[in-house]
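Here is the structure we will look at.
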Amino acid sequence: MAEKVLKKAASFYDSYFRNPSPDKKMTHYCPGCGHGHIHKFIAEALDDFEIADNTILISPVGCSVFAYYYFDTGNIQAAHGRAPAVATGIKRAHPNSIVISYQGDGDLAAIGTSEILHAANRGENITVFFINNAIYGMTGGQMAPTTLIDQRTTTTPTGRNAHNEGYPIKMSELISQLQAPVYVERVTLYDNKQRARARTAVRKAIKNQVNNLGFSLVEVLSPCPSGWKMEPVDAMTWIKEVMVPQFPIGIYKDITKEVQPYVYAKPNPTAAEIRELIEVIPDTDTGFKRSVYPDQYRNPQIKIAGFGGQGVLLLGGALAQAGMMEDYHVSWLPSYGPEMRGGTANCHVNIREIEVGSPMVSNPTVLIAMNRPSLEKFENDVVENGLIVFDQSLIDSYVKRKDVEVLPIPATQMADKLGNTRVANMITLAAYAAYTGIFGKETLYTTLKTAIKKQRLLEINQKAIDTGYEFGMEKKKK
Amino acid sequence: MAKLLIKGNDAIVRGAILAGCRMYFGYPITPASEIAEAAAKYLPRVGGTFLQAESEVAAINMIYGAASGGLRVLTASSGPGMSLKQEGISYAAGSELPCVIIDIMRGGPGLGNIAPEQADYNQIVKGGGHGNYKCPVLAPNSGQEMCDLTMLAFDLADKYRTPVFILADGFTGQMMEPVDFKEPKMDSPRHDWALYGDAESKHNLISSIALDPDELEEHNIKLQKKYAEIEKKEVLKEEFLVDDAEYILMGYGIVSRILRTVVENLREEGIKIGLLRPITLFPFPNGRIAELSQKVKKFLVVEMSNGQMVQDVRLAVNGKCPVDFYGRMGGVVPSMNEISEKAKRWISEKN
């Protein structure tokens with residue numbers, strides 16, 4: 001015959017060594033407090049399921065802030081209301097651990113409402129114990145979100161008034177409305193029968209996590225004789241007669257028989273696979289020798305501007321990419337934010353023989369203007385003897401400056417002739433490259449392979465390079 | 001050596017993964033959202049976790065939870081989000097949890113705008129949340145450094161058990177530059193303080209609470225010793241033409257890039273000027289500044305703020321030479337010409 005020995009659960013520390021009080025056997029809770037019951041139910045469940053070693057208990061801010069004095073498990077103390085977020089982090093880090101978020105009513109239902117609702121809504125595979133005693137115990141009896149109407153607290157000295165403080169919030173009802181939680185029950189502690197039900201609920205909520213079923217929450221209507229300024233026995237009566245009618249006990253949701261358990265399976269790639277998976281291996285390691293070209297075009301600081309949709313940023317990116325492949329120091333800086341949404345875009349590109357200082361090009365040595373507003377806006381910023389390349393087919397005026405070199409190109413018309421207006425940017429790029437001699441054609445071809453992700457567009461863009469390059473060479477001769 | 005032309009924000013995420021980071025929790029905010037997007041794309045591929053949190057506050061507390069598990073974890077935000085995260089950062093500093101936090105600064109205060117400012121310096125470098133703590137802060141100024149300093153940040157975080165910041169701005173985040181990526185770190189050593197959900201680690205407690213004032217003071221003294229050690233060992237700075245300089249320009253992040261060109265231009269005009277660029281903002285290169293203040297004529301500090309780092313420069317200079325400041329706010333990025341003009345005027349001014 002098995003011998004039944006009444007003793008403290010093994011999942012409690014034998015001696016509460018973390019408690020600074022000289023008495024290492026007593027808890028810090030007040031006489032008649034409900035935390036002791038719930039702690040006991042949890043510890044017994046951890047014993048019975050043999051999971052204390054795997055358990056990580058999150059202590060909240062509130063009376064149970066020191067829950068880590070007692071549980072011989074892994075322990076984390078969390079900021080006020082944040083326990084479900086902390087639980088999410090540690091559970092995701094170690095999915096095989098058993099994570100318990102232990103929270104009071106201020107913690108869960110006031111300052112941490114967002115964290116609990118979203119952890120529940122994500123269906124985090126954690127267990128939450130919500131101790132509802134309708135008052136802030138730790139801070140000395142202030143109103144809780146669950147304080148009843150007309151209940152007196154230190155911050156509702158004449159009783160909670162619905163017109164001022166609203167009504168007590170019903171978390172089990174709220175959370176059970178969400179799709180993901182698998183088990184939500186409200187229990188209480190006022191007599192042996194209720195405590196037995198509470199014990200069963202606590203065990204089920206933990207077991208659900210052991211079985212990887214998902215999010216479980218047990219709300220416990222719990223006495224706070226100190227906060228309520230009542231004798232412990234009266235406190236139990238008050239729960240039964242006053243609290244329970246407001247917070248009906250029972251199972252609010254239980255879909256544990258219907259859900260599939262979570263399966264934790266993650267890839268574990270090798271170093272080589274990681275480099276591949278996160279795409280840090282360049283498409284090409286082809287390098288090209290730098291061209292020999294006139295000094296005045298060296299180390300260009302380029303501004304490229306036009307309508308959104310003209311491929312202005314891509315043109316700039318391709319220039320930088322080409323520069324990089326010829327082992328220049330390069331930078332590309334876009335204009336970004338609301339001005340992009342306004343329909344005009346510009347970017348700044350540096351291609352330099354020595355390290356790039358400022359990536360910003362306020363006074364370009366080369367301006368590539370793809371539309372009229374861009375030319376008008378930036379023409380005067382170009383340095384003396386600089387180069388202005390502009391799309392003649394879209395800009396009916398001409399460059400007013402006499403102290404700059406000008407390369408007009410009917411890029412859009414040329415692109416239309418090739419059958420795709422959108423390649424005007426690459427035609428312009430190639431014309432600039434050929435005219436100044438900065439990049440050879442092979443460099444531009446290889447650039448395209450990196451810049452153009454859609455394979456079917458590669459061919460037309462290559463034609464654009466050919467057409468633009470030829471145009472640039474022609475102009476260069478003149 | 002083949003490099004990748006890549007945005008700074010993107011380089012951060014790939015650097016983080018190469019450093020062994022497998023967890024990201026964050027909330028979208030311009031101009032840091034690309035970090036979350038890249039994390040969402042790449043982390044699950046390598047067996048990691050990306051989770052878009054319901055709020056900045058939740059995100060930093062998820063970081064707190066995951067860091068308690070001894071894993072390398074990352075989050076990113078911008079000014080308004082950083083303000084919200086400060087509670088959690090204080091807890092992480094108090095509980096001595098390693099994590100890496102990216103702040104891609106934008107214009108403030110309040111909602112401000114999304115242009116690049118440097119006005120989070122005080123918030124990030126001086127601690128930011130409640131309590132006697134501060135965190136190492138790295139200030140990259142290039143795509144390569146966005147990657148490399150992120151990797152370094154994880155090492156520092158583990159070495160000192162502390163949150164570590166990358167403080168960058170919208171420009172450095174959005175800019176594309178060639179980046180050379182290192183080999184991935186494959187080992188993740190077990191920490192004796194962390195929780196792994198097993199018998200070996202279950203006696204660990206992650207907590208920032210110490211009710212007894214003497215005990216809390218002792219904890220604070222321990223933290224201060226850690227910060228002193230960081231100050232002694234981890235200062236990073238870059239110098240450009242400083243050795244014979246009579247004037248020192250100082251700036252960090254994107255400003256330092258502009259200043260470098262300014263120095264190049266002014267040197268061409270025969271002005272003996274150099275650039276001292278702090279790479280770590282905490283620890284700050286106080287020693288080098290103090291040394292230089294004995295021999296140079298002036299320090300000129302340029303920031304995209306109301307003058308936050310300049311206060312640290314003044315402390316380090318300690319009255320040994322004049323320290324001038326030039327700042328633009330609201331997301332206005334000073335141009336090279338503007339700074340050159342200012343610098344020339346400063347230099348010609350009698351002290």
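A note on names: the letters A, B, ... follow the listed sequences, proteins ahead of strands, and every chain is numbered from 1.
- Neither the backbone nor the side chain of A:I98 comes within contact range of chain B; no heavy atoms are under 4.5 Å apart.
- For A:P20, no part sits under 4.5 Å from any heavy atom of chain B, backbone or side chain.
- At a 4.5 Å heavy-atom cutoff, the contact between B:N337 and chain A is made by side-chain atoms alone.
- Of the two parts of B:R257, the backbone and the side chain both hold a non-hydrogen atom closer than 4.5 Å to a non-hydrogen atom of chain A.
- Contact of A:T270 with chain B is made through the backbone alone, with heavy-atom distances under 4.5 Å.
- For chain B, the option among A:A52, A:P269, A:S97 with the highest count of heavy-atom pairs below 4.5 Å is A:P269.
- Looking only at heavy-atom pairs under 4.5 Å with chain B, the residue among A:Q321, A:K91, A:M360, A:H80 that has the most is A:M360.
- Of the atoms belonging to A:E276, not a single heavy atom falls under 4.5 Å from chain B.
- Ion pairing between B:K3 and A:D327 fails under the 4.0 Å rule for side-chain N and carboxylate O.
- Contact tally against chain B (heavy-atom pairs below 4.5 Å) for A:S331, A:S362, A:A272: the top residue is A:S331.
- In terms of heavy-atom pairs under 4.5 Å with chain B, the best-connected choice from A:M324, A:H329, A:H348 is A:M324.
- A salt bridge does not link B:D169 to B:R106: none of the charged side-chain nitrogens sits closer than 4.0 Å to a carboxylate oxygen.
- Under the 6.0 Å distance and 45° angle rule, A:R82 does not count as a cation-pi partner of B:Y64.
- Interface residue A:D72: backbone and side-chain heavy atoms are both found under 4.5 Å from chain B.
- Both the backbone and the side chain of B:Y196 come within contact range of chain A, judged by heavy atoms closer than 4.5 Å.
- For a residue to count as touching a neighbouring chain, one of its non-hydrogen atoms must lie under 4.5 Å from one of that chain's; by this rule A:V349 does not touch chain B.
- Of the listed residues (A:I278, A:I76, A:N54), the greatest number of heavy-atom pairs within a distance under 4.5 Å of chain B belongs to A:I278.
- Both the backbone and the side chain of A:E279 come within contact range of chain B, judged by heavy atoms closer than 4.5 Å.
- Between chain B and the residues A:T55, A:N96, A:V356, the largest count of heavy-atom pairs under 4.5 Å involves A:V356.
- With A:Y69 as the aromatic partner, A:R18 does not meet the cation-pi criteria of under 6.0 angstrom to the ring centre and within 45 degrees of the ring axis.
- Neither the backbone nor the side chain of A:F71 comes within less than 4.5 Å of any heavy atom of chain B.
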